[in-house]
**Student:** 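Just passing along the structure, written as structure tokens.
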Amino acid sequence: MDIDKVLEGMTLEEKADMLGGSDFWHLSGVERLGVPAIMTTDGPHGLRKQAGATDHLGLSASVPATCFPTASALASSFDRALLEKVGTILGNECQAEDVGILLGPGLNIKRSPLCGRNFEYMSEDPYLAGELGAAYVKGLQSKGIGCSAKHYAANNQETKRMSADSVLDERTLREIYLPAFEKVVKEGKAKTLMCSYNKINGAYAAVNKKLLDDILRGEWGFDGFVMTDWGAAKDPVEGVKAGLDLKMPGSGNKDAALKIVAAVESGELDIAVLDASVKRILEVIDFYLANRDAGAVYDRAEDHLKAQSAAEECAILLKNDGAVLPLAKDAKVAFIGEYAKKPRFQGGGSSHINASFVDNAVEAAGDLNITFAQGYDDTKDLPDESIITEAVKVASEADAAVLFIGLPERRESEGFDRKDLDIPASHNALVEAVLAVQPKTVVVLHNGSSIALPWADKAPAILEMYLGGEGVGKAAVSLLFGDANPSGKIAETFPKRVEDNPSYLNFPGFGDTVEYREGIYVGYRYYDAKKSEVLFPFGHGLSYTQFEYSDLAVSASEINDSESLKVTAKIKNVGSVAGKETVQLYVGRTSAGIPRPIKELKGFEKIALEPGEEGIVEFTLDKRSFAYYNTVINDWHVETGDYSIQIGASSRDIKLEANVKVISQTFIPVVFHSYSTLGEIMKSPKGMSVIGPVLQALAATFGGDQPGTAEAIGVGAELMQAMVQDMPLSTLSDFGAMPKEALNAILAQLNG
Ligand code: BGC
């Protein structure tokens, strides 16, 4: 398409129309100029293409499609290649269904485990969410399909999701809630972003100039278009001016377009601003048309197998005491729980897929020696004694029991938040009862987000499948019996109690506001700083084999912040079966001048090793790996100092550690004022050179009548120094030691 020519040929009304959808799922085209109205579809882990009645809550039917594991599971793979592959398969399915934009990935940070939509989001960690989000986007877009990374931004709860004002400080926004979006824009080259419903610091996302224009386009160089979440648009003219491009869905109502036309005609809206928006939309339409593969077919059976193998890669072995797993293939095993026949494999709401085949564990077990008991009635929360008695009988007659339990859909979904971390009492009662009779009890979990496991100490083995997609049943069986080896690591902390979570006192907010008072201390950043015990730490996950970590090497012991650092480590499979290990790299700065988390994830690599095999994992760290967001210079800044490079199997299992000194190349001016403390002033060499002699002179003056004081102030005896540390400069004149003018002269010298 000759985009400039099309733009030139469009009338003002056609341009204004293009800023809104033509119906629930389609953009507006311009038929007479050969621009088709391309289709968008949810997303993110499969296609929810609605051919008939439409809705944004997953209520009406959609065409059959492959359901992949949801984001909490996908993220647990810690595997960029897998995310890229899933993106590519979805891209092909989009081509086959003539869908030009898939609405995903979901990049919001799991601020609280209670967010009802956490199953659709990747992680509590922005680096991990960004890396995996960018990989998914690359895969999807490699097929000519635009992504719509969502929901931009600070949309971390479902309570009042359409109206709440997320109030957070600049550093928290930059360090925690924006980096995943930044990564999919800069590295993933995302074609579109979806702005969220909520307000961010007082302005709705759809009219938030700071987020849309200043940061997204100005700072990150985003050249795609921004669409609203469904129904999130506010004033259309204010929206375009703020950097919004497309209002979704369309309804046939022309009000918004008419307002845009009127604003251009009255001179309120510059036509160049409208043209820029239209051009961005045309570019994405053209991207789809230029890569259109009308002959694309997707093989449902083949994609189903890929969904199954993705579920195997994502599962996390949380516990395996006494190597209960894998189970022997000739053992008599009781599969207990409704989820063994009817797994919970996806989340509720707009991401709901019409999956035509869903595997279940009982069928997948085929010829294995399996017995079954219902275990609980999943429509009820309270235990039913007769169902449990039957389960206990079946469990005690077998060599081992596998309990398929978790969180029912009524307890977690888009549209509402969870009230607690609990699973139904009926599931917990089943576990307790079976544990009392069967020492070889394995618990298989189906849930979209972290949950409380009150019996975790007693259960020897726990396998977390999350919402593993349509292949979850077969995947569970191959993992349970050792045909596949678990290699996932949880991408979120499982706290011991919901009260331990850093957002607990401020979730979901009060009135129309939710204040992110925990700041940058989200997830493990908080639990580590507080040295709190957790149920399972971020990054945790076991394997049927064991890995040995050694030979950590860093390319330099000192670098400038403009240089990169190479880090390598040797990993050896010292067990007896093949397996994969996700090696995590955290950067720590414990003696920072400004508050920093104890450590932060800055690299991860997954390595596959045969028994006895060893391999090297390699990481490259750059300025951003050591930086925090400095609100004086409004940029990333590295404090000069020592950093620890920690290599581990989880955030709480650090195996190797090295130090590196990083020297900042940026000078940050410090402005002193009369309430700067003497301690703060004396910390800088210049401050010391100005204030030192003044204090010495004063000390000498007072010294005559107050023995010891002169020495103390003048030469810095410890006690005196500690006492003056927190005195503001103004005390010198407030206490009458010098006139105000002299103090002002000192300030001028300090800031000169
Ligand atoms: C959801 C989006 C979704 C859209 C369309 C909204 O309610 O928040 O994630 O893409 O509906 O279904």
Side-chain angles (χ1 to χ4, degrees), residues 20-27 38-63 65 67 70-72 90 94 97 99-110 115-122 129 133 136-137 140 145-164 166 180-181 184 190-200 204-206 225-234 244-251 346-354 412-417 448 467:
S22 59
D23 65 20
F24 207 82
W25 297 118
H26 290 84
L27 275 58
I38 67 167
M39 186 175 197
T40 65
T41 278
D42 283 309
H45 48 269
L47 272 65
R48 184 172 72 96
K49 181 183 171 183
Q50 291 186 318
T54 53
D55 68 82
H56 67 122
L57 293 171
L59 303 173
S60 310
S62 50
V63 301
C67 180
T70 77
S72 19
L90 292 174
C94 284
E97 290 288 351
V99 166
I101 297 174
L102 189 68
L103 306 176
L107 297 177
N108 298 99
I109 292 297
K110 299 182 200 226
C115 171
R117 220 171 167 179
N118 274 359
F119 72 89
E120 217 177 321
Y121 299 145
M122 303 262 184
Y136 170 103
V137 169
L140 179 69
I145 306 301
C147 72
S148 191
K150 61 192 190 182
H151 309 87
Y152 184 67
N155 171 205
N156 311 93
Q157 64 188 49
E158 292 300 281
T159 308
K160 293 199 171 176
R161 68 166 167 155
M162 298 187 171
S163 54
S166 301
F181 290 98
V184 299
K191 293 286 174 193
T192 94
L193 243 63
M194 183 190 290
C195 73
S196 53
Y197 290 114
N198 54 297
K199 289 182 188 167
I200 301 94
Y204 277 108
F225 76 76
V226 180
M227 69 175 80
T228 61
D229 197 341
W230 266 232
K234 300 296 160 198
L244 175 73
D245 302 300
L246 177 68
K247 167 182 181 287
M248 287 303 284
S251 61
Q346 65 170 330
S350 62
S351 64
H352 209 270
I353 310 302
N354 175 9
E412 92 182 312
S413 168
E414 176 178 344
F416 60 88
D417 290 318
L467 303 179

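We count ligands from 1, going down the list as the structure has it; atoms in each ligand are counted the same way. All values below were derived from every heavy atom in this structure, side-chain atoms included, with hydrogens, water molecules and symmetry-related copies excluded.
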**Student:** Has ligand 1 got any nitrogen or oxygen that is less than 3.5 angstrom from a nitrogen or oxygen of Trp230?
**Tutor:** no
**Student:** Going through the checks in order, is the side chain to side chain donor-acceptor pair (under 3.5 Å) test met by Asn118 and Glu412?
**Tutor:** CA-CA 9 Å; Asn118 274 359; Glu412 92 182 312; over 6 Å; no
**Student:** Which ligand 1 atoms does Met194 reach within 4.0 Å, using its non-hydrogen atoms?
**Tutor:**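 Reading through ligand 1 atom by atom, the close ones are 10 (O).
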**Student:** Is the closest heavy-atom distance from Arg161 to ligand 1 below 4.0 Å?
**Tutor:** yes
**Student:** At under 4.0 Å between heavy atoms, is it the side chain or the backbone of Met248 that contacts ligand 1, or both, or neither?
**Tutor:** neither
**Student:** How does Phe24 reach ligand 1, by side chain, by backbone, by both or by neither, if only non-hydrogen atoms under 4.0 Å count?
**Tutor:**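 No part of Phe24 is near ligand 1 at this cut-off.
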**Student:** What protein heavy atom sits nearest atom 11 (O) of ligand 1, and how far away is it?
**Tutor:** His56 CB, 3.3 Å
**Student:** Kindly give the heavy-atom pair with the smallest separation between Ser62 and His352, and that separation in Å.
**Tutor:** OG-O, 4.3 Å
**Student:** Hey, which of Thr40, Leu47, Asp42 is the one that makes side-chain contact (heavy atoms from CB on, under 4.5 Å) with Leu102?
**Tutor:** Leu47
**Student:** Which ligand 1 atoms, with their elements, are less than 4.0 angstrom from a heavy-atom of Lys150?
**Tutor:** 2 (C), 3 (C), 9 (O), 10 (O)
**Student:** For residues Cys195 and Ala206, report the shortest heavy-atom separation together with the two atoms involved.
**Tutor:**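 Taking every non-hydrogen atom into account, SG-CA, 3.7 Å.
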**Student:** Going by atom types alone, do Tyr136 and His45 pair a side-chain donor with an acceptor below 3.5 Å?
**Tutor:** no
**Student:** Is there a heavy atom in Gln50 that sits closer than 4.0 Å to ligand 1?
**Tutor:** no
**Student:** Evaluate the criterion side chain to side chain contact (heavy atoms under 4.5 Å, CB included) for residue pair Leu103 and Trp25; output intermediate values, then yes/no.
**Tutor:** CA-CA 11 Å; Leu103 306 176; Trp25 297 118; 4.0 Å; yes
**Student:** Any nitrogen or oxygen of Arg48, side chain or backbone, less than 3.5 Å from one on ligand 1?
**Tutor:**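 Yes, Arg48 has an N/O under 3.5 Å of an N/O on ligand 1.
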**Student:** So which heavy atom on Thr41 is nearest to which on Met39, and how close?
**Tutor:**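 It is OG1-CE, 3.9 Å.
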**Student:** Just verifying a value: how many Å separate Met248 CE and His26 NE2, rounded to the nearest 0.5 Å?
**Tutor:**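 Those atoms lie 9.0 Å apart.
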**Student:** Which bit of Glu158 gets closer than 4.0 Å to ligand 1, counting heavy atoms only: side chain, backbone, both or neither?
**Tutor:**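 Under 4.0 Å from ligand 1, Glu158 contributes no heavy atoms.
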**Student:** Would one find an N or O of His151, backbone or side chain, under 3.5 Å from an N or O of ligand 1?
**Tutor:**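 Yes, since at least one N or O of His151 sits under 3.5 Å from an N or O of ligand 1.
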**Student:** Going by the atom numbers of ligand 1, which of them fall below 4.0 Å from some non-hydrogen atom of Ser350?
**Tutor:** 1 (C), 2 (C), 3 (C), 9 (O), 12 (O)
**Student:** Which protein heavy atom lies closest to atom 4 (C) of ligand 1, and at what distance to 0.1 Å?
**Tutor:** Asp229 OD1, 3.4 Å
**Student:** Could you tell me whether some N/O pair between Glu414 and ligand 1 is separated by less than 3.5 angstrom?
**Tutor:** yes
**Student:** Check each atom of ligand 1 against the heavy atoms of Trp25 and keep those under 4.0 Å away; list them by number with element.
**Tutor:** 5 (C), 12 (O)
**Student:** Between the main-chain N or O of Asn156 and the side-chain N or O of Asn108, is there a donor-acceptor pair closer than 3.5 Å?
**Tutor:**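 Answer holds: no.
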**Student:** Does a salt bridge link Arg161 with Asp417, judged by any charged N lying under 4.0 Å from a carboxylate O?
**Tutor:** no
**Student:** At what distance is the nearest protein heavy atom to atom 3 (C) of ligand 1, and which residue and atom is it?
**Tutor:**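 I find the closest protein heavy atom is Asp42 OD1, 3.3 Å.
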